[in-house]
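Just so we're on the same page: letters track the sequence lines, and every chain starts at 1. The model shown is predicted, which means the values in this text are computed figures rather than measured ones.
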Amino acid sequence: MSITGIKGMNDILPGEVETWQFLEETARRVFRTYGFAEIRTPAVEKTELFCRSIGEATDIVEKEMYTFRDKSENSITLRPEGTASVMRAFIEHKMYAQDPVAKLYYLGPMFRYERPQKGRYRQFHQIGAEAIGVDDPRIDAQILVMLSHYLDAVGIDELELQLNSLGCPECRPAYREQLLVFLERRLESLCEDCRRRHAANPLRSLDCKVPGCREATADAPAMLDRLCSSCDEHFNRVQGRLQDLGTPYTLNPRMVRGLDYYTKTTFEVVTGKLGAQNAVAAGGRYDGLIRSLGGPPLPGIGFAMGVERLVLLKSQERIAAPRPDFFFAALGEQAESRAFGLMCALQRKGIQAETDLEGKSLKAQMRRAGKLQARFTVIIGEDELARGVAMVRDMDGATQKEIPLAELEESLTALAS
RNA sequence: GUGGGUGUAGCUCAGCAGGUAGAGCACUGGAUUGUGGCUCCAGGUGUCGUGGGUUCAAGUCCCAUCAUCCACCCCA
């Protein structure tokens with residue numbers, strides 16, 4: 001048996017990679033118009049970074065991280081998400097000293113040791129954006145508008161933007177207590193998982209899919225009704241902006257996040273087309289995160305999209321690879337070297353050209369030209385060579401004409417433009 | 001970590017109650033001694049995931065194992 005790839009880590013082959021390139025290029029283009037700049041951080045960080053930002057008690061940190069010791073016995077971890085690394089870099093390079101506002105985006109592989117299934121892999125890719133330094137609700141709206149602009153630009157629809165607010169250190173503890181008391185009285189009707197994490201993370205029960213839990217928590221107190229005045233005002237303003245801008249959304253008071261750093265505005269973009277892994281993008285505000293990582297007390301908000309999930313949603317329509325302008329079909333040694341030289345000259349000018357290197361029959365060469373969807377086939381055989389011409393065939397129109405070899409490069413260059 | 005499904009040609013799959021493998025697509029060549037896409041003809045490839053067991057005989061039945069997919073869980 002030959003060597004295979006690692007479970008849950010996939011190759012992206014020609015045919016599919018064009019979709020990836022399209023999604024990435026569109027992200028760069030759209031994010032740039034909103035003033036976001038790309039940041040690239042290493043795929044590996046000190047383990048402590050993720051423990052402190054994501055939260056010790058989260059599933060990601062507890063059981064999903066690729067953590068190991070390097071040759072110096074330092075504990076390092078393959079990044080399970082992008083925000084922590086971006087914040088670390090932001091603090092480390094004192095980016096706040098240059099500009100009070102930082103708008104950054106990133107894209108690249110993330111790693112989580114989970115059981116692979118549809119839309120969930122051990123190496124997966126995220127495209128994310130972070131806006132640091134602003135707590136004005138307009139930036140919340142801006143982030144959401146940019147996200148929906150992007151999803152629109154790549155042609156993914158039938159999505160729902162769900163919004164919630166998780167409050168802040170002012171109001172969340174009190175709400176948590178209330179919820180705890182509420183759940184306490186219904187502990188018997190909750191599922192095993194909910195009972196187990198009841199004390200550590202009571203919010204989770206709101207998100208549980210077990211029917212019994214849904215029933216038991218149907219009239220549970222909602223964070224949205226218990227926000228402090230500043231959180232409430234912030235959330236109202238975010239919604240007001242979204243309404244002004246005509247960005248549709250729905251409120252989901254039961255939405256919970258898997259990472260501990262979220263505060264206030266949180267959101268998720270969900271689809272009905274991906275089975276169990278229905279989140280296409282998600283994010284929220286993380287006002288305490290930078291400070292807790294040793295930086296200044298700056299607020300921030302961001303999101304991340306799952307590229308594999310976007311690709312799955314786009315997989316109906318194949319994005320075509322660019323077609324060559326010319327295919328050179330040559331017969332005979334002299335013609336071959338002539339054609340090869342010409343092809344290379346055109347390629348150097350940035351014109352996409354192909355030829356056959358296996359000495360095949362003209363028929364076979366034509367077939368290949370057709371398969372590659374070349375726009376023109378340039379045929380040079382002994383006859384043409386003797387007459388000092390080449391036959392240039394328009395593959396779509398199925399017409400062809402002779403062009404003198406002396407002016408061939410010039411004519412083809414003109415044809416390609 | 002827990003369940004279930006599936007592993008046969010490069011790809012998608014068929015193979016009925018056990019008798020040592022087949023189709024379509026793709027690929028190559030030809031019909032058209034130098035002209036693609038349509039049509040027709042011809043051609044090749046398989047340790048039937050792996051290892052055991054039952055049997056005169058196993059792709060087919062049994063066990064184990066690995067891989068993969070989907071779901072739980074979790075999340076992007």
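Among the atoms of the strands shown, none is found under 4.0 Å from any heavy atom of A/Glu358.
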(request) Quick one: the dot-bracket string of RNA chain B, using Watson-Crick and G-U wobble pairs with both distances under 3.5 Å, [ ] for crossing pairs and | for bases paired to another strand. (result) (((((((..((((.....[..)))).(((((.......))))).....(((((..]....))))))))))))....
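Looking at A/Arg393, its side chain comes within 3.5 Å of the base of B/G36 through a donor and an acceptor atom.
Aromatic ring centres of A/Tyr96 and A/Phe90: separated by under 6.0 Å.
When every heavy atom of A/Arg28 is checked against every heavy atom of A/Arg40, the shortest pair comes out as NH2-NH2, 3.7 Å.
Checked against B/G34, B/G36, B/C69, the side chain of A/Leu362 finds its nearest nucleotide in B/G34.
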Scan nucleotides 26-30 of chain B against the protein and return all N/O pairs shorter than 3.5 Å with their distances rounded to 0.1 Å.
residue: B/G29; atom: OP2; partner: A/Arg367; partner atom: NH2; Å: 3.0

Between protein and nucleotides 10-13 of chain B, what N or O pairs are separated by less than 3.5 Å?
none

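The shortest side-chain heavy-atom distance between A/Phe68 and A/Leu78 falls under the 4.5 Å cut-off. At least one side-chain heavy atom of A/His125 sits less than 4.5 Å from a side-chain heavy atom of A/Trp20.
A/Arg257 forms a cation-pi arrangement with A/Tyr262, by the criterion of a distance under 6.0 Å to the ring centre and an angle within 45° of the ring axis. Figure legend: cation-pi geometry between A/Arg120 and A/Phe124 absent, as NZ or CZ is not positioned both under 6.0 Å from the six-membered ring centre and within 45° of its axis.
Residue A/Arg204 places at least one side-chain N or O closer than 4.0 Å to OP1 or OP2 of B/C75. The phosphate of B/A71 has OP1 or OP2 within less than 4.0 Å of a side-chain N or O from A/Gln117.
If you check the side chains of A/Glu215 and A/Ser189, you find no donor sitting under 3.5 Å from an acceptor. The closest side-chain donor-acceptor pair between A/Arg88 and A/Ser53, if any, does not fall under 3.5 angstrom.
Using bins of under 30°, 30° to 60° and over 60° for the plane-to-plane angle, the ring pair A/Phe31/A/Tyr105 lands in the perpendicular bin.
Rounded to whole Å, the separation between the P atoms of B/G15 and B/U8 comes to 14 Å.
Rounding to the nearest 0.5 Å gives a distance of 12.0 Å between CD1 of A/Ile54 and CD of A/Glu62.
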